[in-house]
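The sequence lines fix the lettering, A, B, ..., with proteins before strands; numbering per chain opens at 1.
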Number of protein chains: 2
Amino acid sequence: MSAPQPAPRQRRKEARPGELLAAALDVFVEKGFAAARLDEIAQRAGVSKGTLYLYFESKEALLKAVVQESMVPLIAEGEDLAAQAASDPAATLQHLVTRWWREIGSTKLGGIPKLVMAEAGNFPEVAQFFFENVVLRGQALFRRVAETGIAQGVFRPCEPMLICDLAIKPLIFNHMWCQSFAHCDTSAIDPEVYLHAHLDVLLNGLLTHPHPTSPLPEHPQK
Amino acid sequence: MSAPQPAPRQRRKEARPGELLAAALDVFVEKGFAAARLDEIAQRAGVSKGTLYLYFESKEALLKAVVQESMVPLIAEGEDLAAQAASDPAATLQHLVTRWWREIGSTKLGGIPKLVMAEAGNFPEVAQFFFENVVLRGQALFRRVAETGIAQGVFRPCEPMLICDLAIKPLIFNHMWCQSFAHCDTSAIDPEVYLHAHLDVLLNGLLTHPHPTSPLPEHPQK
DNA sequence: TTAGTTACTGACTGTTTAGTCAGTATTGGC
DNA sequence: GCCAATACTGACTAAACAGTCAGTAACTAA
């Protein structure tokens, strides 16, 4: 039986915010915003709850900061990439979707929309912030590609925002679904298989002259 | 200034459960499960909180009862309808989706998946109950249609569950989205327009020999 | 009218947790 | 080594809320 020595205190002003945000992301995604306890976030970051309040004003401000720091840079990066106009809208659409999967859908960041949407009614400011800084800017990326594709006659003519919604919403939802029912849905389709099937059917349904596509998966799960 | 006369007490053993469930559905969908207060549910049903506990064991049991009473009958109804085998799988798929929209997507019942998914981590029993009694049975409906369609060569060959997921998940999510961002997304696409565009692109992308389809909407919102 | 039954009430309890702050311990300058 | 300056702590508080139960009043049958 060793004496329960209290962990030695450290002063690390620079590193704290990042560590707290990382811990907060973990706990928020695991438990949801309401059920996340600030004590647990602090503990995972290796500090006490008091320290949390040295860096963030409130629980809500912490969530806002998580969104700000983790999602907004990715959007900004996407905007830079999209600025280099690609000539092939179908390929660009595929590229954007794939990038979403790599950067967000396959990481714990994918849990943020669920978080924000679940609490949108109780914390409208967070929802608004997310909507303006992530959703609208993300939609703009897709929208430009859709407009180009329609103008070129590659995509069937329609409201560009439709293409945007049809392309990305199913994937966000599938992530939420898998996250929520992981313990129930033992024979769920692998999210990456879903991603490819979705892209295939989407493009096939959207293109004016569908390419011959690879066959859809017959037995996605072993 | 009238005297604040306490509303006269009433004894209505038969009607209470239904009224409480209706009030609970309202408040759960509005606030989410965690943020819903039992006092408010009771108040909306015109009773006190104590009465609530005469009819339901706990808050969690109340949610389970809401799912049981509002969703399960609809699934059962759908199973009856699907038992009358339809010869045209594409039309049947369209019919199932449209029925989902009419009975669930366009009503407050559409808020239940959001509710259950948001709290799945904290109340796994509720998620399990929903999954087994609603999701699995709903999937089975779609799956049978998908299998028939593939066997007839009407749908492209693939894992039938994929068709099921591709057909319904986007719609569930779009409902959640609109509900969550109603106050932010002032130029959102009308859900019914989204429904038709989705069905169009889905079938176009899924059929081995796509029908000539009506054009996609150009300006869905006025 | 009265007495018995029970649906219903609402004040109360216990618990949980966001947010506070007086005090402590580490650091860096001298 | 000593002394600020300040990053950090954790016990505390106030509030919110699920769940309880002794008491109340609506109904019923005789």
Report task. Measure from OH on B/Y53 to P on D/dA22 and round the result to the nearest Å. Result -> 17 Å

Query raised in the report: At under 4.0 Å between heavy atoms, what does A/Y55 touch on the DNA or RNA strands: base, sugar-phosphate, or nothing?
Result: sugar-phosphate

**Report entry** Evaluation steps, side chain to side chain contact (heavy atoms under 4.5 Å, CB included), between A/K64 and A/F123
**Finding:** CA-CA 10 Å; A/K64 225 162 158 177; A/F123 300 92; over 6 Å; no

Requested in this report: Identify whether any heavy atom of B/L38 sits under 4.0 Å from a base atom; if not, whether one sits that close to sugar-phosphate; answer base, sugar-phosphate or nothing.
Outcome: sugar-phosphate

**Report entry** Interatomic distance where CZ belongs to B/F28 and P belongs to D/dA18 [whole Å]
**Finding:** 9 Å

Query raised in the report: With a non-hydrogen cut-off below 4.0 angstrom, is B/A36 in contact with a base, only sugar-phosphate, or nothing?
Result: sugar-phosphate

Query - Nucleotide C/dA18, atom P - distance to CG of A/L54 in whole Å - result: 17 Å

Query raised in the report: Taking C-beta and beyond as the side chain, do A/V66 and A/M71 meet within less than 4.5 Å on heavy atoms?
Result: no

Query raised in the report: So what does B/R11 touch, heavy atoms closer than 4.0 Å: a base, only the sugar-phosphate, or nothing?
Result: base

Query raised in the report: In whole angstrom, what separates A/E57's CD from C/dA18's P?
Result: 16 Å

Query raised in the report: Between the side-chain atoms of A/K49 and the base atoms of C/dG19, is any donor-acceptor pair under 3.5 Å?
Result: yes

Query - salt_bridge(A/R44, A/E19) N-O dist < 4.0 Å - result: no

Query - base_contact_polar (D/dC8 base, A/R9 side chain, donor-acceptor, <3.5 Å) - result: yes

Report task. In plain terms, say whether A/K49 and A/E40 are close enough for a salt bridge, that is, a side-chain N and a carboxylate O under 4.0 Å apart. Result -> no

